[in-house]
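This structure is a prediction, so every number in the text was calculated from the model and none was measured. Just so it is clear, the values below take in all heavy atoms, side chains as well, and ignore hydrogens, waters and symmetry mates.
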Amino acid sequence: MQTGMHTDTERCVRAVRSKDARFDGWFFTAVLTTGIYCRPSCPAVPPKPGNMTFHPSAAACQQAGFRACKRCRPDTSPGSPEWNLRADLTARAMRLIADGVVDREGVPGLAARLGYSTRQVERQLLAELGAGPLALARAQRAQTARLLIETTPLPMADIAFAAGFASIRTFNDTVREVYALSPSELRTRVPKARPVGTTAAGTTAAGTLLLRLPFRAPLNPDNLFGHLAATAVPGVEEWREGAYRRTLRLPYGHGIVALTPNPDHIACRLTLGDPRDLTVAISRCRRLLDLDADPVAVDDQLRADPLLAPLVDKAPGRRVPRTVDEAEFAVRAVLGQQVSTAAARTHAARLVAAHGEPVDDPEGGLTHLFPSTGALAAVDPETLAMPRTRRTTFTTLVARLADGSVNLGVECDWAETRARLLALPGFGPWTADVIAMRALGDPDAFLPTDLGIRRAAGELGLPSTPAALTARASAWRPWRAYAVQYLWATDSHPINFLPV
């Protein structure tokens, strides 16, 4: 783990000289002689070491007066893996900023969600990232503006509003300062053969954006998309023509996304009811597919175990499939307790049809948003086709989610939230840990009682009892959630949600 890597000058210089894309997003290189900043893998001739300074974020570079490189476009680097690995104040703040909280609620709203004072949050982010929450949010707004300028035909005034700027003047000044080009000049740089709003296949539907989501190689898409397709809830999700499609509940409206794996990026087709949701939608899609992970660090750690090494070498770069809606996943985990995947999908589909919010899908296939916790809390328990004990588990969970006494948001403390889940009726370690792994994003969540994991462990010669397997897995920390993906891959049985 390269925490604070930007302070290791020698290591950063080596990464820049070798144009090592694995470090994109870990740090940024500011060039004193040109006044620009780059990602480590920038194709330009590397500057002399004495002309380089290193920063932990694009916002820190911008705050220091540097402009984004027009060749390597450093603001489009994958996000730092640290924010998905760590559970401290800085990491939780960065996850909230990526989810657009500062734009919607301001810095006081960010601090309130974290349970700290505004001053404490600003001081911590400035000390570690070289930029406060406003500067970090500003950098994110600039990136969103550039995406809209280059990929849509929206008028500039609409783009400024959608990206979260308070005025056209601020929008113009920020874009010019960050990219050394005016918004109009940015748009004219789009290749003439591919006008904004179109692809090689033709013009997109109104309100649809076509994006490329970068990731650190290697990435094995099989477990990601295979799992999402196998557990897809009819009406909310589907697998169609090589793409995973689903509906999204977003702060200003709803959306539909289609995600298609490619060798060097994930193709993302977003249809939004309100363009202000673009930043949040991208953040949630990246989180769903675990695109900001550091697969080299993960695989190197797991490969050190001789019994895991063949699995890693066979298909490196496995990710943890996560979720775009933490509360939705928790509900689905309860619906799937002690039943098969097919039965879990049937239970969820019934709830969606009865209580989900209808949406219009121009391509057909998707019909609803997954029901909100408020709608589920109002469901008559007697209408639920499940055993009474699981009915109690379901109604208690949705009530706690609806009243806020259980919070699964990106800002939550993993250990504290897991403890609160375990205190609920019908919640055992498996349910709490699968929610920690898939919804909370804890990279070290582990499932030693999972039947598939125990079966795979026995076949590999690993201990198969939960206690012994947990002891052996201590060497895999902090990446045990990724070890779960490799172990699951050895088992050919359908995905089942059996333990509680």
Side-chain angles (χ1 to χ4, degrees), residues 99-100 104 144 147-148 151-152 154 158 161-162 197 199 203-211 213 225 227-260 266-289 321-332 335 344-379 383 398 401-402 408-409 438-439:
D99 206 48
R104 296 193 302 274
T144 301
L147 281 171
L148 291 170
T151 64
T152 78
L154 286 173
D158 292 348
F161 175 68
T199 68
T203 304
T204 65
T208 297
L209 308 175
L210 303 174
L211 310 170
L213 305 183
F225 290 91
H227 191 102
L228 294 172
T231 60
V233 175
V236 174
E237 304 166 284
E238 69 173 359
W239 179 260
R240 176 190 292 193
E241 299 176 354
Y244 167 74
R245 302 180 72 240
R246 73 153 293 149
T247 59
L248 302 171
R249 184 183 299 278
L250 299 166
Y252 295 104
H254 70 267
I256 293 174
V257 66
L259 298 164
T260 306
I266 302 296
C268 174
R269 188 171 73 252
L270 268 173
T271 303
L272 300 174
D274 191 315
R276 289 178 295 175
D277 283 322
L278 175 61
T279 299
V280 177
I282 293 173
S283 174
R284 294 183 184 179
C285 289
R286 294 192 64 81
R287 183 172 171 81
L288 169 71
L289 301 181
R322 295 206 166 108
T323 182
V324 295
D325 187 319
E326 297 84 5
E328 173 192 318
F329 181 82
V331 170
R332 290 170 60 173
L335 292 176
R345 294 175 69 231
T346 298
H347 284 316
R350 288 172 182 162
L351 282 179
V352 166
H355 307 286
E357 181 182 335
V359 299
D360 180 28
D361 177 10
E363 299 181 34
L366 302 179
T367 59
H368 291 81
L369 297 175
F370 195 84
S372 68
T373 54
L376 293 176
V379 172
T383 65
V398 296
L401 291 171
L408 304 179
R438 297 282 308 280

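In this structure, Arg287 and Val324 have side chains that are not in contact, with every pair of non-hydrogen atoms separated by 4.5 Å or more. In this structure, the side chains of Leu366 and Glu238 come closer than 4.5 Å at one or more pairs of heavy atoms. Contact annotation: the side chain of Tyr252 never approaches that of Leu278 to less than 4.5 Å [non-hydrogen atoms, C-beta and beyond]. Looking only at side-chain heavy atoms (C-beta outward), Leu289 and Tyr244 stay at 4.5 Å or farther from each other. Side-chain contact between Leu335 and Leu351 is present, with at least one heavy-atom pair separated by less than 4.5 Å.
In this structure, OG1 in Thr231 is found 8.0 Å from CZ in Phe329, a value given to the nearest 0.5 Å. A distance of 5.5 Å separates CZ of Phe225 from CG of Leu259, quoted to the nearest 0.5 Å. Remark: Ile282 CD1 to Leu270 CG distance equals 6.5 Å, nearest 0.5 Å. Distance CD/Glu357 to OG1/Thr247: 9.5 Å, rounded to 0.5 Å. With values rounded to the nearest 0.5 angstrom, Thr152 atom OG1 is found 10.5 Å from Leu210 atom CG. Residue Leu209 holds its CG atom at 7.5 Å from CG of Leu154, rounded to the nearest 0.5 Å.
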Q | Trace of the side-chain contact (heavy atoms from CB on, under 4.5 Å) decision for Val398 with Val331 | A | CA-CA 7 Å; Val398 296; Val331 170; 3.9 Å; yes
Q.
Could you go through Arg269 and Glu363, starting from their C-alpha distance and side-chain angles, then the distance that decides it, and tell me whether this counts as side-chain contact (heavy atoms from CB on, under 4.5 Å)?
A. CA-CA 12 Å; Arg269 188 171 73 252; Glu363 299 181 34; 2.8 Å; yes
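Residues Ala162 and Pro275 come closest through the heavy atom pair CB-CB, 3.5 Å. In terms of heavy atoms, Leu369 sits closest to Leu248 at CD2-O, 3.4 Å. For Leu228 against Arg438, the heavy-atom pair with the smallest separation is CD2-NH2, 4.4 Å. Shortest non-hydrogen contact noted between Ala402 and Ala377 is CB-CB, 4.1 Å. When all heavy atoms of Thr260 and Gly242 are compared, the pair lying nearest together is CG2-O, 3.4 Å. Minimum interatomic distance between Pro371 and Val352 (heavy atoms only, all atoms of both residues): CD-CG2, 3.9 Å.
Of the charged side-chain nitrogens involved, none lies within less than 4.0 Å of a carboxylate oxygen, so that Arg249 and Glu328 do not count as a salt-bridged pair. Checked for salt-bridge contact, Glu237 and Arg345 miss the test: no charged N lies under 4.0 Å from a carboxylate O.
Of the residues listed (Leu401, Leu408, Asp325), the one engaging Thr373 in a side chain to side chain contact (heavy atoms under 4.5 Å, CB included) is Leu401, and it is the only one.
By the salt bridge (Lys or Arg N to Asp or Glu O under 4.0 Å) test, Asp361 pairs with Arg245, sequence neighbours left out.
No donor-acceptor pair closer than 3.5 Å links the side chain of Arg104 to the backbone N or O of Pro251.
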